[in-house]
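Side chains included, hydrogens not; waters and symmetry mates left out as well; all remaining heavy atoms used. Convention: sequence-line order gives letters A, B, ...; per-chain numbering from 1. Since this is a predicted model, take the numbers as computed values, not measurements.
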Protein chains: 4
Amino acid sequence: MDIKEETGGLAQRRRLGILDSAKRIFAEQGYRRTKVEDISNDLSVGKGTLYRYFPDKKGLFLSVFEYGMEQLCAAIFSKVDSMESPPEKIKAAVRTYFEFFEDNPQFIEIMMQVRSEFRSEFRQIHLELYGKYIGRSQTNLRNGMANGQFREMNVEQTADVISALLQGVLQNFYLSEFETSNENGGMAKRADKRLTDYVEPVTCLVLEGLLRR
Amino acid sequence: MDIKEETGGLAQRRRLGILDSAKRIFAEQGYRRTKVEDISNDLSVGKGTLYRYFPDKKGLFLSVFEYGMEQLCAAIFSKVDSMESPPEKIKAAVRTYFEFFEDNPQFIEIMMQVRSEFRSEFRQIHLELYGKYIGRSQTNLRNGMANGQFREMNVEQTADVISALLQGVLQNFYLSEFETSNENGGMAKRADKRLTDYVEPVTCLVLEGLLRR
Amino acid sequence: MDIKEETGGLAQRRRLGILDSAKRIFAEQGYRRTKVEDISNDLSVGKGTLYRYFPDKKGLFLSVFEYGMEQLCAAIFSKVDSMESPPEKIKAAVRTYFEFFEDNPQFIEIMMQVRSEFRSEFRQIHLELYGKYIGRSQTNLRNGMANGQFREMNVEQTADVISALLQGVLQNFYLSEFETSNENGGMAKRADKRLTDYVEPVTCLVLEGLLRR
Amino acid sequence: MDIKEETGGLAQRRRLGILDSAKRIFAEQGYRRTKVEDISNDLSVGKGTLYRYFPDKKGLFLSVFEYGMEQLCAAIFSKVDSMESPPEKIKAAVRTYFEFFEDNPQFIEIMMQVRSEFRSEFRQIHLELYGKYIGRSQTNLRNGMANGQFREMNVEQTADVISALLQGVLQNFYLSEFETSNENGGMAKRADKRLTDYVEPVTCLVLEGLLRR
DNA sequence: AATGAATGAGTGTTCATTCAT
DNA sequence: AATGAATGAACACTCATTCAT
């Protein structure tokens, strides 16, 4: 049992090591431009080793995405679940969302790529994992309406719109984040903008709207 | 001059014909899956002909995108420019944006693909053409603040966030639009949701926010 | 029409050229060891050209086999159909069969390879084209029995056995034909044995048997 | 010495176990499609173990063939050696040959595969082991001629032709044995034909020929 | 002796682009 | 101007074999 656990631990460590390297390479070069060999070279292992842990290139890529999504959801839930006030929950979710991607900028790239390369798989994983978030968001809006903090609204549509807002800001930021691509297809970062700068205006827009009270 | 203009007219017509066919095929099959021959077959011309009007496959695809962006901007500006009230301008822009994509659903697909296939080119075209929109949006916000209709805000960030909101809703809708992919890679539409259903909740969120007044 | 015919003629010529080169290379190197590029190099054309004329490597290989089988059947039928006497027909068929393979030694190799690489396809083509031969062979045996030249026999089994005899001799010869394989996988011919040497003993065995009369 | 013999006995038993498993798997799946791991899994041992008993995959396969050939020769010789009459010896050899393959249908598959996968090795083993048979067959024919039972003939060629006849019938049967391949690449047997049905027509043809006496 | 994780050579096929006609 | 036959670079994946444990 010791041996098995230890072995399992080693295999698990290697799996995570591959996921990490793959996340980096895929984010830097893009799914299409990335050769499986690029990742195995980065890890200094043989190509075949990757195929011992993941079924194929696509499966590896989707695992990178799935793993990131799980971490994102966990991060948001662990923050929000301990709060009570609906507006506070929204603030916390917005902040955690942006902080997560600020800490994992490569994952923005991964998300964008999965979205376009594997529409249906993205939808499935997205719906599975992110669906939970939408459900909680709707509950939160209903609670806010019930206690009189929020105005009347169509809860389903509004939850969709808020979720869309976050994703839209993320993508806009992602598009403005990189100034130029160099010869190797790599990107040079722009340091003067931070994703978390958008926490305040987004929260304010969502809660207050534009019109003067 | 007559001859040249006429020739130019013919060439221009053919160019537009190619753009139209390409938009359709690219949207249906995706950029990667689309062979140049698919488009030339659709037009009943030889492959080589396309290369007389566009430098390469990528250039054709980007032209399809650029042409669509121009149409989108023109549609929004023609609606909004005749209005005075800042909130009304926002309402009109939101409505026109969603109506445009409801009328040109293929262009949603094109946008998503450009975004992921040609990051830097997308950014460039996006910034060039859409930059104008952002500038006008900022002006509108400033006008609204000046006349006391809008609360105080960081205009640049808020304009970004509103723009992001629209794009986010569009993408969310695009992801939910298609239920299942059939064997041919084609998609089956879902008829029970309309993009313009989001005009009201989006407008309301932007202008009013969530908190009860 | 002229153009089309001419074009068709050119395309047909190229097709036959590819079949001829493929037959040679496949026979020399074997199906597995032969790279598609080996054939295209032999023809001094690009790899892609082969794929304009044949669907894939397997399809090309099977076409080589099918084409050879058609030629074999045509050769046998053109000889035998003009004859009347059942024993003479058998003699002629045996002779033509061995002569064909003596003139097309590469085709022996092709047959052996198809047989093992593509069992089911071999069977299908074999049955389709060779089935005709078996039918005629049975008819011939029945005619010989009817006119009293042949003894009583089970016609179906005997036709099978005679056909098997020819194939068996062919294969035995094929196995003894090549002395050693050199480094390149090529073979050095042995000149002191001829397939047609077996015409007489085979014919004699089939018609007379071993027992003294 | 006891230990060594015992160990040798165990090793020998394991060797035979591997040969048996390999024969089955190779016959079912074919040489190319069979992975070394398939065999080691079937034996519930590690892959490396096979390499302790056989040099490589090819060597294992050829050993399977060689072992079968030895068994075939032994079967034929044990039957024929006790007989005197040349025609009876032929009858017995034909019957034993077909009976052997009827009892070891997997070995038909093995033979066919060796023949095409390893031409030269097949020839070598074939000549070594089967050469003995041809020699005895020639002696038998000479004895038959000497005692007046057989007609005059070229003994070498006729022995070849008779051997070829058996192999040809075997292969024809092998080709007709399998109706269709299912999805797994497996084959469905046809039950209405038996290899031993050919003992009589083959024997009759060899001894009597077709012509009425 | 036994294991099985790691290795990496090897290849069929697609399709954007060219250019002779 | 238009064509479409020809080109050839590019790349994922398998699996026999090895060797550290």
Among residues at least two apart in sequence or on other chains, which ones pass salt bridge (Lys or Arg N to Asp or Glu O under 4.0 Å) with R32(D)?
E117(D)
Between dA1(F) (C1') and L50(B) (CG): distance, integer Å:
14 Å
Flag the pair V36(B) / Y51(B) as yes when at least one side-chain heavy-atom distance between them is below 4.5 Å, and no otherwise.
yes
4.5 Å side-chain heavy-atom contact, F118(D) and Q113(D):
no
Round to the nearest Å and state the distance from F26(D) atom CZ to dC15(F) atom C1'.
13 Å
Pick the closest DNA chain E nucleotide for R14(A) and for G46(D) by heavy atoms, then say which residue is nearer the 5' end.
G46(D)
Rounded to the nearest Å, what distance is computed from the CG atom of residue L43(D) to the C1' atom of nucleotide dA2(E)?
14 Å
Are the side chains of Y53(A) and L19(A) in contact, using a 4.5 Å heavy-atom criterion?
no
Just how far, in rounded Å, is C1' of dT14(F) from CZ of R52(A)?
13 Å
Distance check needed: dT3(F) P versus I39(B) CD1, whole Å only.
15 Å
Return the set of residues passing side chain to side chain contact (heavy atoms under 4.5 Å, CB included) with D20(B) (not counting sequence neighbours), or none when no residue passes.
K23(B)
Produce a footprint string for nucleotides 13-21 of chain E: one letter per nucleotide, 5' end first; B if the base is under 4.0 Å from any protein heavy atom, S if only the sugar-phosphate is, - if neither.
BBSSBB---
Check whether any side-chain N or O of Y53(C) sits under 4.0 Å from OP1 or OP2 of dA5(F), and answer yes or no.
no
Which pairs would a plain distance check flag for residues 57-67 of chain C, meaning a side-chain donor or acceptor within less than 3.5 Å of a matching protein atom at least two apart in sequence or in another chain?
unit_1, atom_1, unit_2, atom_2, d
K57(C), NZ, Y31(C), O, 3.0
K57(C), NZ, T34(C), O, 2.8
K58(C), NZ, E121(C), OE2, 2.7
S63(C), OG, G59(C), O, 2.9

Runs of at least three consecutive Watson-Crick or G-U pairs, both distances under 3.5 Å, are what I'm after; which ones involve DNA chain E?
E:2-21 with F:2-21
Given dT7(E), is OP1 or OP2 found less than 4.0 Å from the side-chain N or O atoms of T49(A)?
yes
Quick one: I18(B) CD1 to dA1(F) P, roughly how many Å, whole number?
12 Å
Check whether any side-chain heavy atom of F26(D) lies under 4.5 Å from a side-chain heavy atom of Q106(D), and answer yes or no.
no
If only atom types and distance count, is the side chain of N41(C) paired as donor or acceptor with the main-chain N or O of D38(C) below 3.5 Å?
no
Separation of dA5(E) atom C1' from R13(A) atom CZ, nearest Å, is 15 Å
Take atom CG of N41(D) and atom P of dC15(F), then tell me their distance rounded to the nearest Å.
13 Å
List for me each residue that meets side chain to side chain contact (heavy atoms under 4.5 Å, CB included) alongside R52(A), sequence neighbours excluded, and say none if there are none.
none
